[in-house]
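One structure is given below, encoded as structure tokens.
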Amino acid sequence: MKNFKSLALMFAFILVLGVLAACGGSGDNASGEGENGSENSSTEESSGSEGSSSEESGEEVSGPIAIDGSSTVYPIMENLTYSYREEAPEVETSLNSSGSGGGFKKSTKGEIDLSNASREIKEEEKKQAEENGVQLEPLELAFDGLSVTVSSKNDFVENLTIEQLRQIFLESSDAQMWSDINPDWPEEQIEIFAPGHDSGTFDYFNEVVLEEKPMKEGENTTLSEDDNTLVRGIENNPNAIGFFGYAYYAANKDSLKVLGIAEGDAEPVKPSGETIQNGSYTPLSRPLFTYVNVEAYKNKPQVRDFVEYTLNNAGKAAEEVGYVALPEEKYQEQLDKAKSWAE
């Protein structure tokens, strides 16, 4: 019995030593694993969020991001910057809309990190960037259907041909009244509301409709880089007409009427998610871009993180504001391309 008690005490003693050793080892590793654990937790949380990217260091990104450019792309980017704040509250995004041309004026000088555009960069803008040692790379965010609209109070126009658009908007056209376009329409002055010359939407319309010829300007034409100004000008004036990105029509369907557009003798087609994506709304369907300053992407973790977040979430953001998402594989292809810039 005595021997049994001795063995039991000895076993208990060994067991206590084992527990103490285990606790000591856990304490040493807790310090190391705690840091690694936090790092892994941060990475898993970030990659688990829809579209969020994560820094390899696991540290929270911070710092400013400067974005400017197209008012057409603005609603997408506004949606993205708003949701991104929840992912990276220490990042300060400055978002403006001076028009595609206004954005390129800044981005080609390296003054901003991302330049939103509703058209491709022009050759002279590329040259300006090269002269300043700036590399700009385009990323497609969504599809848009440039929408020609009148007020919902307009009860006589439903569709227009490309030729009629030229009659309305070309400086060389003598048409001033709606009756000049169609004798069945009222003898009322046509009031034009259009994007300004720094707008990519103006450039696109000028290229595919006006064929690079001057547009009417004067007392019956209002030009603005702010699409909301155009919306307000059209919605209460039954004799007004204008154009802007599809999202601005989609957000104001109650006060605006979008027109069907016909090429030649073809049937008129109105912009919609389906007609924009399948290409039947032609020639006014187009891609929307943001141009990334590659140097900023390489050297600013917050810019890299936001660009990757953008590509993971642009489709959802586009549809939420009224544009049409790209195929999912297109976003992934561009994400892979962007990541290669930092290699």
Would you check if Phe169 and Ile241 make a side-chain contact, meaning some heavy-atom pair closer than 4.5 Å? yes

Side-chain heavy atoms under 4.5 angstrom apart, residues restricted to Ile, Leu, Val, Met, Phe, Trp, Tyr: same cluster for Tyr74 and Leu311? yes

I want to know whether Phe104 and Tyr291 have ring centres closer than 6.0 Å. yes

Apply the test side-chain contact (heavy atoms from CB on, under 4.5 Å) to residues Glu333 and Glu140: give CA-CA distance (whole Å), side-chain angles for both, the deciding distance (0.1 Å), then the verdict. CA-CA 11 Å; Glu333 175 188 315; Glu140 285 188 30; over 6 Å; no

Residues Glu130 and Lys127 bridged, charged N to O under 4.0 Å: no

Side chains of Asp305 and Tyr84: do they bring a donor and an acceptor to under 3.5 Å? yes

Is there a donor-acceptor pair under 3.5 Å between the side chain of Asn313 and the backbone N or O of Tyr309? yes

In plain terms, say whether Glu137 and Lys337 are close enough for a salt bridge, that is, a side-chain N and a carboxylate O under 4.0 Å apart. yes

About how many Å separate CG of Asp113 and CZ of Arg304, when rounded to the nearest 0.5 Å? 12.5 Å

Judged by atom type as modelled, is there a donor-acceptor pair below 3.5 Å linking the side chain of Asn132 to the main-chain atoms of Thr108? yes

Which heavy atom of Ser100 sits nearest to which heavy atom of Ser70, and what is that distance? OG-CB, 3.4 Å

Do the side chains of Lys105 and Glu111 get close enough for a salt bridge, i.e. N-O under 4.0 angstrom? no

Expected list for residues 277-287: side-chain donor-acceptor pairs under 3.5 angstrom, two or more places apart:
residue: Gln277; atom: NE2; partner: Ala325; partner atom: O; Å: 3.2
residue: Asn278; atom: OD1; partner: Ser280; partner atom: N; Å: 2.8
residue: Asn278; atom: OD1; partner: Ser280; partner atom: OG; Å: 2.7
residue: Asn278; atom: ND2; partner: Glu274; partner atom: O; Å: 3.1
residue: Tyr281; atom: OH; partner: Leu146; partner atom: O; Å: 2.7
residue: Ser285; atom: OG; partner: Tyr281; partner atom: O; Å: 2.6
residue: Arg286; atom: NE; partner: Asp144; partner atom: OD2; Å: 3.0
residue: Arg286; atom: NH1; partner: Ser118; partner atom: O; Å: 3.3
residue: Arg286; atom: NH1; partner: Ser118; partner atom: OG; Å: 3.4
residue: Arg286; atom: NH1; partner: Thr201; partner atom: OG1; Å: 3.3
residue: Arg286; atom: NH2; partner: Asp144; partner atom: OD2; Å: 2.8
residue: Arg286; atom: NH2; partner: Thr201; partner atom: OG1; Å: 3.0

Could you grab the distance from atom CD1 of Ile234 to atom CG of Asn252, nearest 0.5 Å is fine? 9.5 Å

What distance do Lys316 atom NZ and Ile76 atom CD1 have between them, rounded to the nearest 0.5 Å? 14.5 Å

Please check if any side-chain donor atom of Glu191 sits under 3.5 Å from a side-chain acceptor atom of Asn237, or the reverse. no

Rounding to 0.5 Å, atoms OG (Ser173) and CG (Leu210) come to a distance of 10.5 Å

Does a donor on one side chain sit under 3.5 Å from an acceptor on the other, for Asp180 and Gln176? no

If you round to the nearest 0.5 Å, how far is CE of Met77 from CG of Leu114? 5.5 Å

If we count only N and O atoms by modelled type, under 3.5 Å, do the side chains of Glu308 and Asn312 hold a donor and an acceptor together? no

Would you call the rings of Phe205 and Phe243 parallel, tilted or perpendicular, where under 30° means parallel and over 60° means perpendicular? parallel

Just wondering, do Thr149 and Phe244 contact through their side chains at under 4.5 Å, heavy atoms? yes

So, the side chain of Ser71 versus the backbone of Glu225: is there a donor-acceptor pair under 3.5 Å, distance only? yes

For a 4.5 angstrom cut-off between non-hydrogen side-chain atoms, does Pro186 reach Phe156? yes

Distance check, rounded to the nearest 0.5 Å: Asn154 atom CG versus Leu259 atom CG? 7.5 Å

So do the side chains of Phe306 and Thr310 get within less than 4.5 Å of each other, counting heavy atoms only? yes

Do the non-hydrogen side-chain atoms of Val324 and Glu319 ever get within less than 4.5 Å of each other? no

